[in-house]
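Remarks on the structure that follows.
If you're wondering where the values come from, they're calculated on a predicted model, not measured in any experiment.
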Amino acid sequence: MGLFSKLKSVLSKTRDGIAKKLNDLFAKNKLGEEFYTELEDILISADVSVKTTMEIVDEIRDIAIKEKCKDKEYVIDLLKKELFDSLDYAEKIEFKSPAIIMVVGVNGVGKTTTIGKLANKFVKEKKSVTIAAGDTFRAAASDQLSVWADRAKVRIVKHDEGSDASAVVFDAISSAKAKNTDVLIIDTAGRLHVKSNLMEELKKMDRVVKREYPEANYYKLIALDATTGQNAYNQVEVFNEAIGIDGIILTKLDGTAKGGFIISLSYELEVPVCFVGTGEKIDDIEDFDAEEFVEAIF
């Protein structure tokens, strides 16, 4: 199954919400203020933010009036273009070796699973990979990560539970440098801003990476549970303030009818979506493609 087919599947709830409502809208309304008001409601119901929704609909309205357009397909094409432009607004990341990828996020978003999938993906791309078990806070976290490392057939550097997470990062970097590893993926403890000790630990881990391997290409990615919707804004802002966030990994898209939140989040915070989880298996992660994402929700 290709990426588009997978996206069509995982975005089925979001697509059902948008496509059906759009068809109903075109069936009962000609282009006019009532039409555009309802179009705004449809986007907002899919969890696109009010701010981004207003900008998108205003642009569609202006173009449609200028072109004297009344054709349904033309308006849908305009909508697709505006959604794509919003998703494509943030500068894309090009992952270059040697790469260090630190994966952060709150508890329960699927970081461990995602790291296993990422490791497997890079191995398939003929890259050497090491995982650093930087979550020394949660019981059995490194054991769970070891299972995924075994599945992906990659090395893992870990310490005992309760150890200094920065020491794990230090050792993993030393190992990666010695073995000329292409990609080092660092797991981190799930945390919220209210856990100030864990946020300080994260900042320390960040400093260790910059100090010990300044020549590496360093990327900080946040894993976001798509079912969180608009609440993900706060998560990105908190981690961005602490260490700076370069990109987003989307998980659990199949569980929400409000996948539209990522359109406004990426646009407004200028953080690109890099990867999307498309299932539970180790191969179920793909590079994010804005055009295919938009097509999959129509």
task = Let me see the working for Thr136 and Asp164 under side-chain contact (heavy atoms from CB on, under 4.5 Å), right down to the final yes or no.
result = CA-CA 7 Å; Thr136 57; Asp164 181 359; over 6 Å; no

request  = Carefully, step by step, assess Ile185 and Asp187 under the rule side-chain contact (heavy atoms from CB on, under 4.5 Å).
outcome  = CA-CA 7 Å; Ile185 307 174; Asp187 188 20; over 6 Å; no

key: Stepwise salt bridge (Lys or Arg N to Asp or Glu O under 4.0 Å) check, Glu201 with Lys204   = CA-CA 5 Å; Glu201 176 190 78; Lys204 183 179 177 184; over 6 Å; no

query = Going through the checks in order, is the salt bridge (Lys or Arg N to Asp or Glu O under 4.0 Å) test met by Lys252 and Asp225?
reply = CA-CA 6 Å; Lys252 307 181 186 180; Asp225 179 340; 3.5 Å; yes

query = Can you list the steps and then say if Asp85 with Lys81 is a salt bridge (Lys or Arg N to Asp or Glu O under 4.0 Å)?
reply = CA-CA 6 Å; Asp85 287 347; Lys81 180 182 182 302; 2.7 Å; yes

message = With salt bridge (Lys or Arg N to Asp or Glu O under 4.0 Å) as the criterion, how do Glu268 and Lys51 come out once you've worked through the C-alpha distance, each side chain's angles and the decisive distance to 0.1 Å?
response = CA-CA 9 Å; Glu268 292 176 22; Lys51 178 180 182 292; 5.1 Å; no

inquiry  = Using side-chain contact (heavy atoms from CB on, under 4.5 Å), reason through Val106 and Phe239 one step at a time and then give a plain yes or no.
reply    = CA-CA 10 Å; Val106 301; Phe239 283 95; 4.2 Å; yes

message = What verdict does the side-chain contact (heavy atoms from CB on, under 4.5 Å) test give for Ser128 and Val183, after you've listed the backbone C-alpha separation in whole Å, the side-chain angles of each residue and the deciding distance to 0.1 Å?
response = CA-CA 6 Å; Ser128 55; Val183 183; over 6 Å; no

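In this structure, Asp206 pairs ionically with Lys220, as a charged nitrogen and a carboxylate oxygen lie closer than 4.0 Å.
Across Pro272 and Ile93, no two heavy atoms sit closer than the pair CG-CG1, 4.2 Å. In terms of heavy-atom proximity, Ala223 sits nearest to Val103 at CB-CG1, 4.4 Å. Minimum interatomic distance between Ala149 and Ile156 (heavy atoms only, all atoms of both residues): CB-CB, 4.1 Å. Across every non-hydrogen atom of Leu221 and Cys274, the tightest pair is CD2-SG, 4.1 Å. Closest approach of Ser166 to Val208, counting heavy atoms only: CB-CG2, 4.0 Å. Here the shortest heavy-atom pairing between Val168 and Gly134 reads CG1-N, 4.3 Å.
A donor-acceptor pair shorter than 3.5 Å cannot be found between the side chains of Lys111 and Thr188. For Glu55 and Tyr267, the side-chain atoms include at least one donor-acceptor pair closer than 3.5 Å. Judged purely by distance below 3.5 Å, without hydrogens or angles, the side chains of His159 and Asp171 pair a donor atom with an acceptor atom.
A heavy-atom distance below 4.5 Å is found between the side chains of Glu215 and Lys177. Using a 4.5 Å heavy-atom threshold, the side chains of Lys179 and Arg155 count as touching. Considering only heavy atoms from C-beta on, Leu184 comes within 4.5 Å of Ile186 through its side chain. In this structure the side chain of Glu295 never reaches within 4.5 angstrom of the side chain of Leu83, judged on heavy atoms. Taking 4.5 Å as the limit, every side-chain heavy atom of Ile282 sits out of range of all side-chain heavy atoms of Lys121. For the pair Ser49 and Tyr233, the minimum side-chain heavy-atom distance is below 4.5 Å. Between Arg61 and Glu33, the closest side-chain pair of non-hydrogen atoms falls below 4.5 Å. Side-chain atoms of Ile56 and Leu43, non-hydrogen and from C-beta on, do get closer than 4.5 Å to each other.
Within the model, atoms CG of Asn217 and CG of Asp182 stand 11.0 Å from one another, a figure rounded to the nearest 0.5 Å. Rounding to the nearest 0.5 angstrom, the gap separating the CD atom in Glu292 from the CG atom in Asp287 is 10.5 Å. Between the CG atom of Asp284 and the OG1 atom of Thr278 there is a distance of 4.0 Å, given to the nearest 0.5 Å. Rounding to the nearest 0.5 Å places CZ of Phe293 at 5.5 Å from CD1 of Ile297. Rounding to the nearest 0.5 Å places OH of Tyr219 at 14.5 Å from CE of Met102. Atom CD1 of Ile263 sits about 5.0 Å away from atom CG of Leu87, to the nearest 0.5 Å.
Under the 3.5 Å distance criterion, the side-chain polar atoms of Lys117 are matched with a main-chain donor or acceptor of Gly279. The backbone N or O of Thr130 lies less than 3.5 Å from no partner atom in the side chain of Thr181, so there is not a single donor-acceptor pair. Side-chain atoms of Ser86 never come within 3.5 Å of backbone atoms of Ser264 as a donor-acceptor pair (strictly under, hydrogens ignored). Judged by distance alone, with hydrogens and angles left aside, the side-chain atoms of Thr52 form no donor-acceptor pair with the main-chain N or O of Val48 at under 3.5 Å. Under the 3.5 Å distance criterion, the side-chain polar atoms of Ser266 are left unmatched by any main-chain donor or acceptor of Ile262. Formation of a donor-acceptor pair under 3.5 Å by the Ser175 side chain with backbone atoms of Ala172 is not found in this model.
In this structure, the ring of Phe288 has its center no less than 6.0 angstrom from the ring center of Phe275.
Between Phe35 and Phe26, the ring-plane angle classifies as tilted under the 30° and 60° cut-offs.
Summarising the local packing, CD of Glu280 is surrounded by 12 or fewer heavy atoms from other residues, nucleotides or ligands at distances under 6.0 Å. Heavy-atom contacts from other residues, nucleotides or ligands closer than 6.0 Å to CD of Glu241 number 12 or fewer. No more than 12 heavy atoms of other residues, nucleotides or ligands lie within 6.0 Å of CG in Asp160, so this atom counts as exposed by the packing criterion.
In the hydrophobic clustering of this structure, Ile18 groups with Leu25; members are Ile, Leu, Val, Met, Phe, Trp, Tyr whose side-chain heavy atoms approach within less than 4.5 Å, directly or through other members. Linking Ile, Leu, Val, Met, Phe, Trp and Tyr whenever their side-chain heavy atoms come within less than 4.5 Å puts Met199 and Val109 in one cluster. Cluster annotation: Val123 and Trp148 are assigned to distinct hydrophobic clusters (Ile/Leu/Val/Met/Phe/Trp/Tyr, side-chain heavy-atom contacts under 4.5 Å, transitive). Criterion: ILVMFWY side-chain heavy atoms under 4.5 Å apart, direct or through other members. Under it, Phe122 and Ile248 are not part of a common hydrophobic cluster. Hydrophobic clustering (ILVMFWY, side-chain heavy atoms < 4.5 Å, transitive): Ile101 and Met205 are in distinct clusters.
With Tyr218 as the aromatic partner, Lys210 does not meet the cation-pi criteria of under 6.0 angstrom to the ring centre and within 45 degrees of the ring axis.
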